[in-house]
Amino acid sequence: MPVWLREYRWRQSRSAVYLSLPLRGVRVTPANIFCAEQYLKVCVPPFLFEAFLYAPIDDTNSTAKIGNGVVFFTLYKKEAAMWDSLTLANANKEKLQYLRENAVLKAHEKAKEETEAKKVTKQEHKKYALEATMKLEEAERKRIEDLKEKERQKVTEELELWKKQQSDAEKQNRIQQEGELRRVEQFKEKKKEKINKTGIPNEGTSMTRLKPTKGCHGSDSMFSENLKEEQLPAPRSAATIKVNFTSRVFPTPLRESCVAEEEEWLRKQAEARRIVNADLSELEDLKEEEKNPDWLKDKGNKMFATGNYLGAVNAYNLAVRLNNNLPLLYLNRAACHLKLRNFHKAIEDSSKALELLTPPVPDNESARVKAYVRRGTAFCQLELYTEGLLDYEAALKIDRKNKTIEEDAEKIRHLIQGRMQDS
């Protein structure tokens, strides 16, 4: 049961009522106070104060101050008048219940109106923020378009200037070439005139003087000059130049020498260079990242996940050409061949992956299991159930707890037994 508070002090003026309510030993918050036009309630368990006011008040402007164990109310009257008492006198129970319910209902309606008003205000703020953002974006877009237009005009002007310079340069070159041609023609004309003057015989001389003789400087000089111009040197003969390269020497002491390993390293390096440079014209069009086998492997995995098996095979093929020592490339390509029903190629790639997955260590157990299963699946698709069962049993030896592989192996055994019974 609540403890009703009966002790309070109040005073009034024509426009306001001042109410002091002592609440010692408890902590009062604004949530404990409820105020309506003609109803006032303070509920701080276990205390309860309830007052049905003599006349309506302005509950919006009225205030309550909490401090030092006292709640001090300032209640502004709606009509300026002096009250006979703070609360209603001689009010029956039904009227008090009506006033209480009416106060709660009005409070709910007021709270709903305030919520709607806040919602409308929030929407207006959002709308304003959106409009402001759109204006800023429009201004930024216009600024960028202006910059683009200025840059376009600048480039156009530079292009026109360059074209003009090129035209002027071509015109100047054409004038120079024409001048050179004129000088050459003039030189040729002068030379012909000189030759004609020296080649004409004097009157009264014998015709025999026109015969070319050794040491004469007649018309024979013109023909000799032409022959000199026409005689060109013969082309140089081809030959092969042998170049000897200094053998590579590893700075390793003889007591620590590993000649076999060094020779193997050199062989692998040469093989890698040969593979990379085999189709250099084709690899030149690739981007730098497309020359990375790991990047190509990831790209093939993504294509496989989307069902593009042919694209995945092409990615793995290029990765294998760049590095043919990665077993996962052959393993993933075998999975693509299984999807494309290229079972013979799937068997080849799975076998190559198993060759590269040596020695068998715990780190490559998962890859070896996949290789055996995929090769066994290809064998079974080719109706070579005995070979497929051997691969499934090899996978079970590695992963003995794999129920799926065990069930598939049992199915293959049943198929083999059924075929033997039928035969």
Side-chain angles (χ1 to χ4, degrees), residues 1-140:
M1 291 294 293
V3 179
W4 290 89
L5 294 176
R6 303 297 183 185
E7 297 181 2
Y8 59 87
R9 291 180 299 171
W10 75 287
R11 56 189 180 85
Q12 64 174 329
S13 64
R14 291 187 62 84
S15 60
V17 173
Y18 306 97
L19 174 63
S20 178
L21 181 66
L23 285 169
R24 299 190 180 278
V26 293
R27 185 172 179 271
V28 184
T29 62
N32 302 124
I33 301 172
F34 176 76
C35 182
E37 285 187 354
Q38 208 170 349
Y39 179 71
L40 179 63
K41 179 181 177 181
V42 179
C43 181
V44 186
F47 301 108
L48 177 65
F49 174 77
E50 189 178 44
F52 296 91
L53 301 176
Y54 183 81
I57 62 170
D58 185 2
D59 57 329
T60 303
N61 296 324
S62 299
T63 60
K65 294 183 179 180
I66 304 170
N68 298 325
V70 177
V71 182
F72 186 77
F73 294 94
T74 303
L75 307 175
Y76 295 99
K77 301 177 182 178
K78 281 195 171 182
E79 295 180 0
M82 299 299 292
W83 293 357
D84 296 338
S85 62
L86 178 64
T87 60
L88 289 174
N90 300 324
N92 56 19
K93 190 174 182 180
E94 287 78 6
K95 185 177 181 180
L96 296 179
Q97 183 67 23
Y98 169 76
L99 291 175
R100 186 185 293 110
E101 292 177 354
N102 189 33
V104 173
L105 182 62
K106 286 185 177 180
H108 286 173
E109 292 177 353
K110 184 179 180 181
K112 186 176 180 180
E113 291 176 356
E114 290 178 353
T115 303
E116 291 294 331
K118 288 181 180 179
K119 188 175 180 180
V120 171
T121 305
K122 187 176 181 180
Q123 289 179 351
E124 290 178 353
H125 288 170
K126 283 185 177 180
K127 185 177 179 182
Y128 175 77
L130 181 61
E131 291 177 353
T133 304
M134 291 176 65
K135 288 181 180 179
L136 290 175
E137 290 179 353
E138 184 66 25
E140 182 67 16

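Position 1 is the first residue of the sequence; numbering continues from there.
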Working to the nearest 0.5 angstrom, can you tell me the gap between [X] [atom1] and [Y] [atom2]?
X	Y	atom1	atom2	result
Thr87	Glu50	OG1	CD	11.0 Å
Tyr76	Thr63	OH	OG1	5.5 Å
Leu75	Leu86	CG	CG	8.0 Å

In the structure I gave you, are the side-chain heavy atoms of [X] and [Y] within less than 4.5 Å of one another anywhere?
X	Y	answer
Tyr18	Trp10	no
Trp83	Lys77	yes
Met134	Glu138	no
Lys41	Arg100	no
Leu88	Gln38	yes
Glu140	Leu136	no
Phe49	Leu40	yes
Lys126	Leu130	no

Heavy-atom closest contact ([X] atom, [Y] atom, distance):
X	Y	answer
Cys43	Leu48	CB-CD1, 3.9 Å
Ile57	Ser62	CD1-OG, 4.2 Å
Ile66	Pro30	CD1-N, 4.2 Å
Arg27	Asn32	O-OD1, 4.0 Å
Pro22	Leu5	O-CD1, 4.4 Å
Tyr39	Ala103	CB-CB, 3.7 Å

Other residues, nucleotides, ligands: >12 heavy atoms within 6.0 Å of [X] [atom1]:
X	atom1	value
Asn92	CG	yes
Glu79	CD	no
Lys110	NZ	yes
Glu7	CD	no

Going through the distances and angles, do Tyr54 and Val17 end up as a side chain to side chain contact (heavy atoms under 4.5 Å, CB included)? CA-CA 11 Å; Tyr54 183 81; Val17 173; over 6 Å; no
Set out, in order, the CA-CA distance, both residues' side-chain angles and the distance that settles side chain to side chain contact (heavy atoms under 4.5 Å, CB included) for Lys93 and Gln97, then state yes or no.
CA-CA 6 Å; Lys93 190 174 182 180; Gln97 183 67 23; 5.7 Å; no
Should Asp59 and Lys106 count as an ion pair when the cut-off is N to O under 4.0 Å?
->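 Here Asp59 does not pair with Lys106 in a salt bridge, since their nearest N and O are not under 4.0 Å apart.
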